[in-house]
Amino acid sequence: MNLEQVDVLVIGAGPAGTVAASIVNKAGYKVKIVEKQQFPRFVIGESLLPRCMEALTEAGFVDAVKERGFQEKFGAKFVKNGKVCDYFSADQFTDGWNWTWQVPRAEFDKILADTVEKMGVPVCYQHTVTNIVFNGSSSVTTVEDIDGNVTQIEAKFIIDGSGYGRVIPRLFNLDKPSTLPPRKALFTHIVDTKRSMDDEPNRITIVVHQPGIWVWIIPFSNGITSVGFVGNPDFFKKYEGTDEEVLRSLMASEPYISERMAGADFAFAPRTLESWSSTTDKFYGEGFVLTGNVTEFLDPIFSSGVTLATVSSQTAAHLVIRKLKGESIDWEKEYMEPVMQGVNVFKSYVNAWYDGTLDTIFFADKSVYEIKQMICSVLAGYVWDLENPYVKNHTTALQKLARIIALDERLNNAPA
Ligand SMILES: Cc1cc2nc3c(=O)[nH]c(=O)nc-3n(C[C@H](O)[C@H](O)[C@H](O)COP(=O)(O)OP(=O)(O)OC[C@H]3O[C@@H](n4cnc5c(N)ncnc54)[C@H](O)[C@@H]3O)c2cc1C
């Protein structure tokens with residue numbers, strides 16, 4: 001059996017794995033990525049947030065992504081019964097990036113993986129991690145390739161960016177259910193011949209279909225648009241037929257898209273995903289750190305996945321470098337707390353979306369520009385800016401605002 005030695009083994013070549021690998025590699029360490037699938041591979045998660053551009057910049061990926069000419073994204077539009085609430089990232093409270101991209105992830109992830117490979121990090125596709133044995137903080141990982149050949153990799157540290165694969169939590173029984181209720185998504189890519197070029201494609205659209213049920217519309221620069229319905233799994237049970245028949249019925253039943261999407265060709269048979277939220281108590285241990293989706297993926301509503309994946313990886317990479325230099329790291333304070341800060345802010349917004357609080361705020365008759373700027377920052381992924389009251393007080397600020405709006409609307413609509 002082959003035995004290889006590296007400083008850092010990265011599991012998974014998604015955005016989490018490649019960002020971490022690039023930063024550690026730049027610091028002069030020997031890094032290797034093992035990836036279960038062959039790229040390009042399909043993965044959902046196509047609407048990025050401006051905040052992830054900071055991590056992509058440090059990883060050295062932005063120029064390569066720019067060259068591909070992906071659709072630039074400047075905000076998000078929320079629609080309900082003919083009412084529209086537009087958020088443009090340029091209006092945000094926090095200084096930072098005010099644009100990003102809408103990307104078919106198969107292509108985007110391949111660019112990141114190719115770029116990190118050009119920087120000198122080998123990416124071993126179709127290599128699946130099957131076992132890890134830790135000996136203090138060093139480890140021996142067993143990897144099996146598609147032909148059944150087995151290799152062992154000795155590493156001083158492991159960064160687990162295996163996404164839904166959840167390699168370390170599964171191998172060591174660390175998985176814990178999320179506190180969010182289960183949700184399901186049914187989605188495809190359509191050939192979008194009736195897209196309005198006046199109103200789109202410079203941002204994503206979220207349509208409230210029914211309370212708790214919503215639709216994403218993410219236009220790409222190649223004329224394809226990603227469309228998905230998300231909600232309680234029971235909602236989908238009311239519809240009979242194949243996934244394609246169900247998705248076509250749903251599209252026909254939503255006035256905002258029915259005409260545009262009637263008879264549209266699907267680029268692939270619709271797919272479903274459900275019960276994606278899962279977490280663990282600790283995102284680190286002796287000799288390893290979990291980054292990206294392995295830490296906790298919440299919900300697609302605010303496109304937080306790739307941002308949390310890349311920012312957690314960026315933070316972890318710096319800590320791993322310091323650890324390899326012999327510094328002692330307070331993982332709880334320096335990693336767990338900042339990652340949970342971001343996760344918890346998004347979690348409050350996800351809960352406020354599904355319980356109707358954000359509905360009251362987004363579709364209010366009036367809005368205060370300064371408050372909209374603060375919420376806009378969160379929607380752009382700036383969830384670590386404690387100067388922003390809508391970040392700092394994320395558990396209460398939205399509810400207070402919704403109560404004021406509801407009261408104001410009641411008073412204004414009261415008979416004279
Ligand atoms: C319905 C839905 C919609 C979403 N929409 C958005 C969105 O609009 N915007 C957004 O930012 N996020 C979105 N997300 C979340 C997004 O999919 C993830 O957050 C993102 O892909 C996380 O990146 P990652 O690098 O952590 O994991 P991944 O991109 O999943 O990469 C992990 C890699 O690890 C590999 N791997 C797994 N197991 C092993 C193993 N044993 N050995 C070796 N390799 C392994 C996998 O093959 C994979 O390539 C959505 C999620 C869902 C469920």
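In what follows, residues are counted from 1 in the order of the sequence shown. Counting starts at 1 for both ligands and their atoms, following the listed order.
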Indicate the ring-plane relationship of Y125 and F39, choosing parallel, tilted or perpendicular according to the 30° and 60° boundaries.
tilted

For ligand 1, the residues whose heavy atoms come within less than 4.0 Å (ordered by chain, then number)
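Around ligand 1, where the cutoff is 4.0 Å for heavy atoms, the contacting residues are I11, G12, G14, P15, A16, V34, E35, K36, Q37, F39, R41, I44, G45, E46, S47, R105, H127, T128, V129, G161, S162, G163, Y164, G165, V167, A185, W216, L273, W276, G292, N293, F297, P300, S303, G305, V306, A309.
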
Is it the case that the side chain of S313 and the backbone of A309 share a donor-acceptor pair, with hydrogens and angles ignored and the cut-off at 3.5 Å?
yes

Examine the side chains of [X] and [Y] and answer whether a donor and an acceptor come within less than 3.5 Å of each other.
X    : Y    : answer
Y382 : E54  : yes
E58  : H318 : yes
T179 : K347 : yes

So which pairs with a foot in residues 129-162 pass ring-ring contact (aromatic ring centres under 6.0 Å, His included), sequence neighbours left out?
F134-F172, F134-F288, F157-W331

